[in-house]
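Only a predicted model underlies this, so the values are computations on that prediction, with no experimental measurement involved. Here is how names work: the chains are called A, B, and so on, in the same order as the sequence lines, proteins then strands, and each is numbered from 1.
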Protein chains: 2
Amino acid sequence: MSTNGNNKISLPVINRLPRYYRTVRKMQHNGVTTVSSSELAGMLGTTASQVRQDFNCFGGFGQQGVGYNVDLLSTELESLLMGGDALSTIVIGTGRLGRAISHFLAFDARGFRLIAAFDQHPDEVGSSFGILTVRNINTLGDYCRRYHPQIAVLCIPEEGAAQLAPTLMDLGIRGFWNFSNYDLPSREGVTIVSVHLGDSLTSLGFRVRESLENNP
Amino acid sequence: MSTNGNNKISLPVINRLPRYYRTVRKMQHNGVTTVSSSELAGMLGTTASQVRQDFNCFGGFGQQGVGYNVDLLSTELESLLMGGDALSTIVIGTGRLGRAISHFLAFDARGFRLIAAFDQHPDEVGSSFGILTVRNINTLGDYCRRYHPQIAVLCIPEEGAAQLAPTLMDLGIRGFWNFSNYDLPSREGVTIVSVHLGDSLTSLGFRVRESLENNP
DNA sequence: TAGATTGTTAATCGATTAACAATC
DNA sequence: TAGATTGTTAATCGATTAACAATC
């Protein structure tokens, strides 16, 4: 069923949904037809309680005494996560990372559709970018006013992101997948998901060093 | 000061440290010499209480009535996060993503040192990889037994990661920066930080669609 | 029916925030 | 000294886990 009326769904729950979906797809692929909350929990390293709580945010699609129908679960999660029209998406920054991410996005779309790529370097502009051509960053405003992209993927350095973010929000961008080091300011109606590679690496370092101290 | 004795530092705290460090560095760069917990909190979108709680995990380096010395804070955080010997690191998978990530790692090392890269494709093997040369994946075991790398960056598909992970742990890898879709099983003494790009993108999609429903 | 497992309410746990005494 | 701000303890909040009645 669709999202359970007023009950706002918490971020921890939302962030677990993709993993549920991945796991259920895998089971479906293996021909499993029914799964209990405790089986799923075991597979995911969580608790049966959590699985049931999470699924119930969207109106129970289990059957008491039996469990969950894998096909149904898969269909529901899929429509929940990537149902409806594809989100039109632009990439800003076509360096190494921008190209890798865009390839990922184009290869495994998950409800997104890449419609343009922008860069500031003259020698990038005009170069091919998958099935697209890299556009000049100074045509970004015109482009957005004409095509109204919904999502922006930021693969540019901090300064560029800081400068561009408010403009992009004003131009109607509703979601950011941010790979820059800049922390975008939140704004009503705009969703921001940041992948801080540097922070992630730094905390890995801290944790490994901590572990090496206890157990060299 | 170094980590406060027995008090285990919680993961939420650890994950906030890199942001503290980034912010403090920026202030240092701007010539700020002293900062209060509430100023820092304002800058980071958190509370003064949290800042003080977090810093106190490492034995207070503030001064009552005055605040925190920016240089000291920067030095302490730096030594905490990337002090000591660099962690020797290998990359597995030299496709688009592997190359982008490695470039990032080499450019902004943060206490890591990239010492080798491996791939399974014959036409990748032997190609240049920054200052390194791509090695054949089937020499991985020998390499690890000889050079004892501490960190592995996984930029390979799920199946490869699933197959390689236990082997790498047996070979003494102490930390994984995992970009595959595979959820590595945890093991005592091994730290895993996963960057699930697909999950991150999927939850962005969910949240944007949710927001579009309320406010098209 | 009896056994199993959900949906849902209640209890627990941990993290965040507030408060305030210590002290610069 | 008075004002400010930390370090630290206590209160709150939210998320996770446990329990159990409903029901397949």
Side-chain angles (χ1 to χ4, degrees), chain A residues 1-17 19-20 24 27 32-74 76-77 80 186 203 207, chain B residues 1-17 19-20 24 27 32-74 76-77 80 186 203 207:
Chain A
M1 292 290 139
S2 68
T3 114
N4 204 353
N6 302 0
N7 292 31
K8 199 84 183 69
I9 291 147
S10 75
L11 206 49
V13 174
I14 294 177
N15 288 334
R16 280 193 293 268
L17 293 180
R19 279 191 74 210
Y20 287 129
V24 167
M27 301 185 64
V32 180
T33 57
T34 294
V35 67
S36 71
S37 54
S38 52
E39 286 175 302
L40 255 173
M43 220 161 286
L44 288 159
T46 178
T47 64
S49 270
Q50 185 166 80
V51 172
R52 293 203 298 276
Q53 286 274 28
D54 286 355
F55 286 174
N56 266 58
C57 295
F58 308 97
F61 27 67
Q63 194 180 8
Q64 280 163 324
V66 178
Y68 298 88
N69 178 294
V70 171
D71 285 337
L72 178 64
L73 211 48
S74 165
E76 292 293 352
L77 285 170
L80 213 47
S186 58
S203 81
R207 292 169 61 193
Chain B
M1 293 290 138
S2 68
T3 114
N4 204 353
N6 302 359
N7 292 31
K8 200 86 184 67
I9 292 146
S10 74
L11 205 49
V13 174
I14 295 178
N15 288 334
R16 280 193 292 268
L17 294 179
R19 280 191 72 210
Y20 288 129
V24 167
M27 302 185 63
V32 180
T33 57
T34 293
V35 67
S36 70
S37 53
S38 51
E39 287 174 302
L40 255 173
M43 219 160 288
L44 288 158
T46 178
T47 64
S49 269
Q50 186 166 78
V51 171
R52 295 202 298 276
Q53 286 275 28
D54 286 354
F55 287 173
N56 266 58
C57 295
F58 308 98
F61 26 69
Q63 195 179 7
Q64 279 161 325
V66 178
Y68 298 89
N69 179 293
V70 171
D71 285 338
L72 178 64
L73 210 48
S74 164
E76 292 293 354
L77 285 169
L80 211 49
S186 58
S203 81
R207 291 169 63 194

Check the angle between the aromatic planes of B:Tyr68 and B:Phe61 and answer parallel, tilted or perpendicular using the 30° and 60° thresholds. perpendicular
Identify the nucleotide, in any strand shown, that forms a Watson-Crick or G-U wobble pair with D:dA4, with both distances under 3.5 Å; if there is none, say none. C:dT23
Pairwise side-chain contact, A:Arg207 with B:Leu11, heavy-atom cut-off 4.5 Å (strictly under): yes
Test item: B:Ile9 and B:Phe58 side chains (from C-beta on) under 4.5 Å apart, heavy atoms: yes
Of B:Pro12 and B:Arg52, whose nearest nucleotide on DNA chain C comes first from the 5' end? B:Pro12
NA contact type, A:Phe55, heavy-atom cut-off 4.0 Å: base, sugar-phosphate, or nothing? nothing
By the 4.0 Å heavy-atom rule, please label B:Ser38 as base, sugar-phosphate, or nothing. nothing
Please work out if A:Ser49 contacts a base, only the sugar-phosphate, or nothing of the nucleic acid, heavy-atom cut-off 4.0 Å. base
Grab the two heavy atoms, one from B:Asp54 and one from B:Arg16, that are nearest each other, plus how far apart they are. OD2-NE, 2.7 Å
On DNA chain C, reading 5' to 3', which nucleotide is the first and which the last to sit with an atom under 4.0 Å from a heavy atom of chain A, could you check? C:dA4 to C:dA10
Between B:Ser36 and B:Gln53, which residue's closest nucleotide on DNA chain D lies nearer the 5′ terminus? B:Ser36
Which comes earlier along DNA chain D counting from the 5' end, the contact point of A:Gly65 or that of A:Asp54, where each point is its nearest nucleotide? A:Asp54
Pairing partner of C:dT9, by Watson-Crick or G-U wobble and under 3.5 Å for both distances, is D:dA18
Under the side chain to side chain donor-acceptor pair (under 3.5 Å) criterion, do B:Ser36 and B:Ser38 qualify, and how do the steps go? CA-CA 5 Å; B:Ser36 70; B:Ser38 51; 3.2 Å; yes
Nearest 0.5 Å, please: how far is OG1 in A:Thr34 from CG in A:Asp71? 9.0 Å
